[in-house]
Number of protein chains: 2
Amino acid sequence: MIDRNGSTGSFDGVHRRNLARILGLAHLEGPLSRARITALTGLNRSTVASLAGELIELGLVEERAPDPTNRVGRPSPVVAAHPGVVAVAVNPEVDAVTLAAVGLGGRIDARERIEVDDLVTPERTALLVADAIRRWREGDLAHARFAGVGLAVPGLVRAADGLVRFAPHLEWRDAPVREFVEEATGLPASVGNDASLGALAEHLFGAGRGVDDLVYLNGGASGIGGGLVVHGRAVGGHSGYAGEFGQNRPGIAAPEDRRADGGVLEDEVGRARLLEALGLRSADEPTLADAIRSAVDAGDPAIAAELDRQRRILATALANAVNVLNPSLVILGGFLATLAEQDPDAIRAAVAAQAMPAAMEDVEVVVAALGEDRLMIGAAELAFARLLDDPLSVAG
Amino acid sequence: MIDRNGSTGSFDGVHRRNLARILGLAHLEGPLSRARITALTGLNRSTVASLAGELIELGLVEERAPDPTNRVGRPSPVVAAHPGVVAVAVNPEVDAVTLAAVGLGGRIDARERIEVDDLVTPERTALLVADAIRRWREGDLAHARFAGVGLAVPGLVRAADGLVRFAPHLEWRDAPVREFVEEATGLPASVGNDASLGALAEHLFGAGRGVDDLVYLNGGASGIGGGLVVHGRAVGGHSGYAGEFGQNRPGIAAPEDRRADGGVLEDEVGRARLLEALGLRSADEPTLADAIRSAVDAGDPAIAAELDRQRRILATALANAVNVLNPSLVILGGFLATLAEQDPDAIRAAVAAQAMPAAMEDVEVVVAALGEDRLMIGAAELAFARLLDDPLSVAG
DNA sequence: CCGTATTTGTTGCGCTTGACCGCATATCGA
DNA sequence: TCGATATGCGGTCAAGCGCAACAAATACGG
C-alpha cells in the first residue's frame with residue numbers, strides 16, 4: 001500500500017535496486033566502464049565490482065577488455081549488456097504483423113514483417129509469435145535467452161491485466177492476447193498501447209533521451225495517438241489508457257477551419273485529408289512525405305492551405321498539453337512529423353501563440369528520431385521491464 | 001544524475017528512507033499504533049521500535065499510551081506526529097494575506113487573515129510573515145519548532161528557485177519572495193502555485209486521499225487553475241508551471257456558446273459571467289453558491305442556461321484531460337464545485353459524452369473536501385517537504 | 001628505457017542495520 | 001485464576017556496503 005517496491009527498506013531491497021541500476025545503465029547508456037558506473041551511481045568501486053560480478057554470473061551482462069583510452073591510470077573494464085538476452089517485440093497491424101528480436105540496449109537482432117490478407121486475430125497473432133521464436137531458436141538466435149514477449153497494440157490496453165479492450169482497426173474487443181501468447185510461447189508476455197510504447201522508446205533511446213517531462217504525439221494511418229513522460233516515467237494513467245490525444249477536442253479559432261461537425265482532433269488533423277488535398281488515394285509514410293514536399297515546392301495552394309489548417313488545429317491541441325503538463329519537449333512522429341518538418345518553426349510558433357509564454361520558454365518541438373524501429377524497441381522495453389526492475393527475478 | 005536521492009543504495013539511505021516512511025505515515029495517516037506501522041511498512045517489530053525511538057529523540061513524533069482496543073493481545077503504543085512541529089503557511093491575495101501555523105498531520109494551530117488596502121508587495125509579505133511568527137512565538141506557540149515557511153502564490157512560480165515569474169493580480173513580476181521571506185524570518189522558505197498546492201492538499205488530506213492519478217480544477221475569483229497527480233506524485237512539469245487549465249482552449253461544439261472570441265477556458269467559464277446572469281456585482285464563494293441555488297430553485301431560466309453553457313464547456317476541457325491522463329478522479333473546487341453540486345450527475349455525464357468510454361469507466365467526479373484550509377495545508381506541505389523527505393536533515 | 005604520477009581493480013576488515021529468536025508482559029475470555 | 005494471543009525488549013546473527021591499503025596498468029617526462 002505504502003510500500004511500493006516489495007522489499008524496499010531492507011538490505012535485500014538495496015541490493016536488488018543496485019543491481020537494477022547497473023543493469024539499467026548498461027541497457028540505456030550502452031557499454032560503459034566500471035569507473036563510469038562508479039561515478040554515475042555513487043557506489044563504491046568495490047561494490048560496483050561485486051555487483052557487476054553478480055550480473056555476469058546471472059548471464060545478464062559481460063565484461064570486455066578496456067577500451068583504449070588515452071588517459072593515465074589503470075584502464076577500467078567495459079560492462080555491456082549480454083548480447084544473448086533478447087526480448088520478442090510484436091506489433092499486430094491491419095495489413096501485417098511485425099515481429100522482432102531485440103537485445104538489451106535496443107539492438108535489433110532479427111526483424112520480420114508477416115503480411116496478412118485477412119485481419120489477424122489474437123489467436124493467430126500468438127501462433128505467429130510462437131512460430132517466429134521457433135525459427136529464431138533454430139537459426140541465428142540458437143543460444144539466445146528470451147526474456148519475454150512485448151506486444152504493441154493499436155488500441156486501448158488495460159494496464160492491470162494486459163487485456164485489449166478495443167482495437168478498432170484490428171476489430172479486437174476484450175481480447176486476452178497476452179494469455180494466448182503466453183500459452184503459445186511459454187514466455188511471459190506484456191501488452192501495451194502502440195503510441196504509448198512509441199513515447200517510451202523515444203524517451204529512452206530517441207529524441208527524448210534524458211528528458212523527464214515530454215509529450216509525444218504520433219500521426220498514424222488510423223489516427224493520432226500519443227504518450228506522456230512525467231517525472232521521467234511513462235504515464236499510463238489509472239487503467240493504462242492515457243495519451244489518447246486523438247480523441248481530444250481542441251478549440252478551433254476560425255469556424256471555416258472546421259471540417260467535421262463535433263469532431264475530434266483526429267477527424268480534423270489526419271492523413272486522409274492530406275491525401276485528399278494531394279489527390280491521392282493512399283500512400284505509405286515516406287511516399288506521403290515526398291508527395292507533400294513536391295506539392296509544396298510546386299507551389300500548390302490547396303496543399304499549403306491544408307497543411308496550414310492542420311497545423312493550426314494541432315497547435316491548439318499541443319498548446320493545451322503544454323499548459324497542463326509544462327513539458328520541456330514535444331516530439332512529433334508519423335505524418336505529424338511531416339507536418340512539422342515542412343516548416344520547422346511554424347509549429348512551435350503556432351503553439352507559442354496559444355500557450356502560456358512562461359510554459360513555452362523551455363519547450364522544444366522536435367521530430368521523432370527512431371523511425372520504424374520505435375514500436376519494436378518500446379515493446380521490447382515492456383518485455384524487459386521485469387528483468388530491469390529486478391535482475392534477481394530471473395535467477396534460477 | 002541517475003541517483004535521485006543522495007545516498008540511496010547504501011545503508012544510510014535505507015535508514016533515512018525508513019525514518020521518512022514512518023514520519024510520513026504519522027503525518028498522513030494520523031496517530032497510529034506501532035503494530036499498524038509494522039503492518040504498513042513491512043518492517044520488523046524491532047526495527048519499527050528502534051526507528052520510532054529515533055524519531056522521538058529528534059522531537060518529531062511522540063508515543064502515547066495505547067488506545068483502548070477491544071481486542072486480545074498486548075496493546076501497542078500509539079505513534080503521533082509531535083504537536084510542537086509546525087510550518088508557516090502563507091497565501092498572499094489581492095485583498096488580504098492569509099497566514100497559518102500548521103502542524104504535522106495537517107492540524108491548524110493558528111490562522112490569521114490580514115486585510116490589505118493596497119496590493120501587497122513581496123517585501124511586505126515577508127514582513128507580515130516575520131511579524132506573525134514573532135507574535136506566535138510570544139503566544140500559544142512559544143515552544144513550537146518552526147520547520148519552515150510555505151507560500152501559495154496565485155501566479156506562475158518557477159520550481160527551480162521559487163521565483164514568482166508572474167502573478168497578474170498581485171502585479172508581481174520576477175519577484176524573489178522566497179529570499180525575502182528567508183531573510184525576514186531566518187527560516188527556509190518554499191514557494192508554489194496556489195492551485196497546484198490545492199491539488200496537493202486534496203491529494204494528501206482531502207477528496208483525493210490514496211488516489212494516485214487525479215486531476216484537480218479550481219475556480220477562483222481570478223480564473224481557473226489546477227493541478228495534477230500522476231503516479232501518486234504532484235506534477236510540476238519541467239519548470240513548475242503545470243496545471244494551467246484556465247489557459248486552455250477546449251472545443252466549443254455550439255458556436256452560440258462562445259462568449260469571448262478566441263478566448264480561453266477561463267474567459268468562457270468564470271464567476272463573472274455567473275454573477276452577471278444573477279444580476280449581482282460581486283459576491284464571495286458561499287454567497288454566490290447560495291444565490292445560484294435560490295435562482296435555480298426559483299426557476300430562473302437565465303441562470304439555468306448560463307450554468308448549462310459553462311458546464312458544457314468545462315466538460316470538454318475535462319474530457320480532454322481525461323483522454324490524455326486517464327485519471328481515476330476529477331476534483332472540482334471553488335465555483336466549479338458550485339457548478340457541479342447544482343446537478344451532480346450532469347457534469348460527469350457531460351464529460352462522459354465527450355471522453356473515451358473506456359477512460360471514463362473508472363472516473364469519479366467529486367467536489368473538493370478541504371474548503372478554505374486547502375491552501376494552508378498545501379503550503380505547509382511544501383514547508384514540511386524537506387523534513388518529511390529526510391527527517392535526519394533537521395538533526396543538530 | 002626507466003621512474004613517477006595517476007587511475008583503477010582487488011582484497012580483507014569493520015560498521016551499520018534489519019531479521020530472527022526467546023522471554024517477559026499485557027490484555028481478554030473462559 | 002489460567003490459558004491464548006499478541007506485542008515489547010534485548011541479544012545474536014547475517015548480509016551488504018564503505019573504506020583503506022595494496023597491486024596493477026597506463027601515460028608522461030627525462
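In the text below, chain A, chain B and the rest are named by the order of the sequence lines, each starting its count at 1.
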Quiz item: Is any side-chain N or O of B/Thr47 closer than 4.0 Å to OP1 or OP2 of C/dA19?
Solution: yes
Quiz item: Any side-chain N or O of A/Asn18 less than 4.0 Å from the OP1 or OP2 oxygen of D/dC17?
Solution: yes
Quiz item: Could you run down nucleotides 20-30 of chain D 5' to 3' and tag each one B, S or - for protein heavy-atom contact under 4.0 Å?
Solution: -B-BBBBB---
Exercise. Output all residues satisfying ring-ring contact (aromatic ring centres under 6.0 Å, His included) with A/Phe146, sequence neighbours left out; order by chain, then residue number.
Key: none
Practice problem: Calculate, to the nearest 0.5 Å, the distance between atoms CG and CD belonging to A/Leu329 and A/Glu202 respectively. | Solution: 9.5 Å
For [X] and [N], give me the distance from atom [atom1] to atom [atom2], rounded to whole Å.
{"X": "A/Leu43", "N": "D/dC19", "atom1": "CG", "atom2": "C1'", "result": "14 Å"}
{"X": "A/His15", "N": "C/dG18", "atom1": "NE2", "atom2": "P", "result": "17 Å"}
{"X": "B/Arg16", "N": "C/dG18", "atom1": "CZ", "atom2": "C1'", "result": "17 Å"}
{"X": "B/Ile37", "N": "D/dT7", "atom1": "CD1", "atom2": "C1'", "result": "14 Å"}
{"X": "A/Ile22", "N": "D/dC17", "atom1": "CD1", "atom2": "C1'", "result": "12 Å"}

Practice problem: Provide the closest heavy-atom pair for A/Val86 versus A/Arg107 in the form atom of the first, atom of the second, distance. | Solution: CG1-NH2, 4.5 Å
Enumerate, atom names and distances included, each donor-acceptor pair closer than 3.5 Å involving a side-chain atom of residues 56-68 of chain A, sequence neighbours excluded.
{"residue": "A/Glu63", "atom": "OE1", "partner": "A/Arg34", "partner atom": "NH1", "Å": "3.2"}
{"residue": "A/Glu63", "atom": "OE2", "partner": "A/Arg34", "partner atom": "NH1", "Å": "2.6"}

From the set [options], return the single nucleotide nearest to any side-chain atom of [X].
{"X": "A/Arg34", "options": "C/dT10, C/dG18, D/dG8", "value": "C/dT10"}
{"X": "B/Ala35", "options": "D/dT7, D/dG16, C/dT10", "value": "D/dT7"}
{"X": "B/Ser76", "options": "C/dG18, D/dT7, D/dG18", "value": "D/dT7"}

Exercise. Taking the side chain as every heavy atom from C-beta outward, state whether A/Leu104 and A/Leu23 have any pair of such atoms under 4.5 Å apart.
Key: yes
Exercise. Would you indicate whether the side-chain heavy atoms of B/His203 and B/Arg233 approach each other to under 4.5 Å?
Key: no
Distances under 3.5 Å only, N/O to N/O: pair up the protein atoms with those of nucleotides 1-3 of chain C.
none

Quiz prompt | With B/Asp390, the salt bridge (Lys or Arg N to Asp or Glu O under 4.0 Å) member among B/Arg21, B/Arg16, B/Arg17 | solution = B/Arg16
Practice problem: Would you kindly compare A/Pro77 and B/Leu51 by the position of their nearest DNA chain C nucleotide and give the one closer to the 5′ end? | Solution: A/Pro77
Practice problem: Check side-chain contact (heavy atoms from CB on, under 4.5 Å) between B/Thr185 and all other residues, then give those that pass, not counting sequence neighbours. | Solution: B/Val129, B/Ala130, B/Ile133, B/Val149, B/Val181, B/Leu187
Quiz prompt | Counterpart residues, side-chain contact (heavy atoms from CB on, under 4.5 Å), relative to B/Ala199 (two or more places apart) | solution = B/Tyr216
